[in-house]
2 protein chains.
Amino acid sequence: MSKKINIKIIAAELGVSPSTVSKALKDSHEIGRETREKIQAFAKLYNYKPNSLALSLRNQKTMNIGVIIPQITHHFFTRVISGIESVANQKDYNLMICVSKDLHEKEVKNVEMLTNGSVDGLIVSIANETLEKGEFSHFQRLVDEDFPLVFFDRVAPNLKGDKVIVDDETGGYNAGKHLIEKGKNRLAIITTPEHVTVGVMRERGFKKALDEQNKYYNQNYVIRVEEKFDIEKQIDQLFQLKEIPDGIFAVNETYAAIAMKCTMKRGMQIPRDMAVIGFTDGVISKLTTPTMTTIAQHGYNMGNKTAELVLQRIDEKENEKLPYQTVVIQTNVVEREST
Amino acid sequence: MSKKINIKIIAAELGVSPSTVSKALKDSHEIGRETREKIQAFAKLYNYKPNSLALSLRNQKTMNIGVIIPQITHHFFTRVISGIESVANQKDYNLMICVSKDLHEKEVKNVEMLTNGSVDGLIVSIANETLEKGEFSHFQRLVDEDFPLVFFDRVAPNLKGDKVIVDDETGGYNAGKHLIEKGKNRLAIITTPEHVTVGVMRERGFKKALDEQNKYYNQNYVIRVEEKFDIEKQIDQLFQLKEIPDGIFAVNETYAAIAMKCTMKRGMQIPRDMAVIGFTDGVISKLTTPTMTTIAQHGYNMGNKTAELVLQRIDEKENEKLPYQTVVIQTNVVEREST
DNA sequence: TACAGCTACGAAACCGTTTTCGTGTTAAAA
DNA sequence: TTTTAACACGAAAACGGTTTCGTAGCTGTA
């Protein structure tokens with residue numbers, strides 16, 4: 001790779017000092033007009049652009065925001081990233097995106113790597129393994145030194161810090177209510193293992209809706225999917241029961257789509273014999289047949305809000321610290337053909 | 001934000017020089033055992049980690065790879081990113097992912113930002129707008145200065161550089177052949193506008209399959225979707241024809257799923273009245289009812305290969321340059337229920 | 001003539017790290 | 001006792017910028 005042009009080279013080439021070049025390029029009138037124009041012309045000709053590492057080091061400011069997500073192939077996360085991106089870009093920030101693959105060790109490494117000077121602030125959705133272990137010291141350190149840090153979606157309850165979360169409980173509640181309003185009685189839920197907070201909250205809201213209407217919350221109607229095993233088989237258990245449910249709430253889009261497949265495989269009609277509602281912000285729901293009713297998560301808005309919070313922390317002066325915020329993004333029911 | 005600990009602080013605190021600290025932390029036996037252990041203990045206690053900006057500047061090596069993609073919410077691209085990530089991480093590289101949103105201007109900015117010191121190499125899938133305009137000077141500059149650069153999927157035909165592409169033509173050919181083998185006669189294609197290379201190549205292969213079997217390539221059976229307008233309406237035109245096709249090849253998953261919806265809306269049976277095959281690496285195909293036959297693109301492999309190429313260029317010595325490579329990733333037909 | 005003030009530039013420090021090249025002290029060898 | 005080598009550490013330069021401060025040279029004024 002041929003060496004990139006820099007200020008020293010320009011200075012040497014034009015017989016002036018580096019400081020003169022630097023000033024001339026910023027149009028400082030400390031530099032005579034003739035010299036200034038000569039330097040600017042030269043720089044333009046050779047397409048000079050200042051080295052961002054040097055700038056960051058000097059200014060103690062990178063104009064980068066780090067983002068750590070558990071999975072990049074999940075549509076929800078990419079929606080959030082889009083939302084973050086849009087706000088960040090408006091303020092000339094760039095994103096460094098890292099993927100923890102839901103592994104604790106990778107997450108720790110990512111955090112260390114990003115916070116050693118590479119970014120001005122960090123946005124994190126916590127890895128499943130970290131949540132399972134309850135091992136948050138890598139985040140605690142950042143909180144302790146007031147490093148700008150915002151969590152979204154998968155957050156740690158006992159950790160201080162700014163958070164942006166979906167109103168999962170109300171979402172679950174509305175899902176339950178919606179199914180009940182559609183005249184369904186035997187309501188099942190397809191959810192995640194218990195260490196995944198979002199699943200727990202959605203389930204809690206769902207149960208609340210059932211309780212309110214004096215519907216029985218049948219434990220046989222609760223499927224906790226372990227992703228390491230065959231998902232379809234686990235969901236299909238609902239259809240092995242003596243009394244098959246007539247309404248299903250799935251805490252994500254994939255589970256909902258699979259539930260719909262299982263239903264149709266049995267020759268049952270959606271929504272007549274079985275109503276299905278998903279919790280998602282994805283692309284699948286509009287493309288299934290029938291289309292899927294969902295609780296919309298508004299990932300893009302979440303990203304917007306998250307980015308705003310982290311930028312706020314970055315700009316914050318040492319002596320005017322705001323208390324930690326938790327922003328709750330509301331969901332809403334998007335009714336389609338599956339209910 | 002409280003100031004992060006650095007070598008100077010450690011040095012001052014322990015009454016030694018920065019160079020001594022630096023050497024001690026690398027376990028150099030130039031430093032006496034006692035001093036060494038004292039410094040190491042202190043560093044560990046305060047969780048010292050070297051500043052990566054300073055390291056990068058000093059070493060002229062960032063251990064970052066830049067990735068510019070047109071859209072982050074497209075599953076194919078996130079699959080490729082996963083593939084890149086996995087190879088990069090093995091060699092201790094991190095990713096800086098930027099999104100061009102298919103806009104030329106954003107792409108140019110991203111390229112400039114990343115190549116001004118932030119990354120050691122760059123991976124790009126070119127923005128649609130750039131392909132339309134044919135404006136590649138921002139890449140040409142990089143090629144001229146031998147900056148490690150690898151394109152994938154959306155590449156520029158007249159630009160030198162390493163490329164990783166899908167064998168779109170053969171993919172399209174196999175899609176056509178598959179439909180013919182299923183006994184279909186009136187074959188339609190749903191593709192992209194003509195400036196999108198991948199669409200053109202897939203169409204070319206498809207046409208070749210039809211030609212070989214002396215099937216008529218009916219221009220009414222060619223839909224070029226403009227994404228700024230209602231996609232479903234455009235696709236639905238196929239169903240307004242006097243003679244409705246009995247087989248559809250869609251160059252991506254979304255178009256294929258919409259085609260399936262349109263078919264079922266008409267009360268037609270898949271695959272009996274209409275066979276549909278998509279070109280994709282996505283999640284939708286397994287979740288539609290019926291499931292979708294696809295030409296699998298192997299995005300993850302593509303990412304692997306792309307990362308390998310860029311790492312190879314990064315490691316390359318000045319005097320042992322290899323000629324530019326174009327790696328072609330083969331596709332294969334994944335038969336499901338829609339054909 | 002003397003001094004002030006302006007113009008136009010350069011020197012040097014700094015951001016955080018690494019590394020080369022001294023150098024003062026001590027111990028071993030001659 | 002003198003020379004030499006090893007040891008343990010520090011000074012300084014370098015990576016590529018920015019910025020503060022200093023100053024040479026000129027002009028204008030008293």
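Residue numbers begin at 1 in each chain, while the letters A, B, ... track the order of the sequences.
Of the two residues near DNA chain C, B:Ala54 and A:Ser17, the one whose nearest nucleotide lies more 5' is A:Ser17. Comparing A:Leu57 and B:Ile31 by the nucleotide of DNA chain D whose heavy atom lies nearest to each, the residue mapping closer to the 5' end is B:Ile31.
Scanning for ring pair (Phe, Tyr, Trp, His ring centres under 6.0 Å) contacts around B:Phe42 gives B:Tyr46, with sequence neighbours left out. With sequence neighbours excluded, the residues that form a side chain to side chain contact (heavy atoms under 4.5 Å, CB included) with B:Val87 are B:Asn304, B:Ala307, B:Glu308, B:Leu311. Scanning for side chain to side chain contact (heavy atoms under 4.5 Å, CB included) contacts around A:Lys133 gives A:His104, A:Glu129, A:Glu135, with sequence neighbours left out. Not a single salt bridge (charged side-chain N to carboxylate O under 4.0 Å, His left out) links A:Lys163 to another residue, sequence neighbours left out. Residues forming a ring pair (Phe, Tyr, Trp, His ring centres under 6.0 Å) with A:Phe77 (at least two apart in sequence, or on another chain): none.
A donor-acceptor pair under 3.5 Å is absent between the side-chain atoms of B:Ser86 and the main chain of B:Ser82, judged by distance alone. Within the 3.5 Å criterion, the main-chain N or O of B:Leu95 finds no donor-acceptor partner in the side chain of B:Glu85.
The salt bridge (charged side-chain N to carboxylate O under 4.0 Å, His left out) analysis of residues 146-159 of chain A, with sequence neighbours excluded, yields the pairs A:Asp102-A:Arg154, A:Asp146-A:Lys321. Residue pairs meeting the salt bridge (charged side-chain N to carboxylate O under 4.0 Å, His left out) criterion with at least one partner in residues 53-82 of chain A, sequence neighbours excluded, are A:Lys61-A:Asp120, A:Arg79-A:Asp281.
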Is there a side chain to side chain donor-acceptor pair (under 3.5 Å) between A:Gln140 and A:Asp144 once you walk through the steps? CA-CA 6 Å; A:Gln140 190 58 54; A:Asp144 290 346; 3.0 Å; yes
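Spacing between atom CG of A:Leu53 and atom P of C:dT17 amounts to 14 Å, rounded to whole angstrom units.
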Could you write nucleotides 18-23 of chain C as a row of B, S and -, 5' to 3', where a protein heavy atom under 4.0 Å of any base atom gives B, of only sugar-phosphate atoms gives S, and otherwise -? BBBB--
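Each end of the helix from C:dT1-D:dA30 to C:dA30-D:dT1 yields a helix axis from five base pairs, and these two axes differ in direction by 80° (to the nearest 10 degrees).
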Ignoring hydrogens and angles, write down the donor-acceptor pairs under 3.5 Å from the side chains of residues 20-27 of chain A, residues two or more places apart or on other chains.
unit_1, atom_1, unit_2, atom_2, d
A:Thr20, OG1, A:Ser17, OG, 3.1
A:Lys23, NZ, A:Glu30, OE2, 3.3
A:Asp27, OD1, A:Gln40, NE2, 3.0

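Bounding nucleotides for the chain A contact on DNA chain D, 5' to 3', at a heavy-atom distance below 4.0 Å, are D:dC15 to D:dC21.
No hydrogens or angles considered: a donor-acceptor pair under 3.5 Å links the side chains of A:Lys106 and B:Asn89.
Regarding contacts with the backbone of C:dC14, every side-chain N or O of A:Gln60 stays at 4.0 angstrom or more from both OP1 and OP2.
Between B:Arg141 and B:Val111, the closest side-chain pair of non-hydrogen atoms is not below 4.5 Å.
Within residues 33-41 of chain B, the residues having any heavy atom under 4.0 Å from DNA chain D are, by residue number, B:Thr35.
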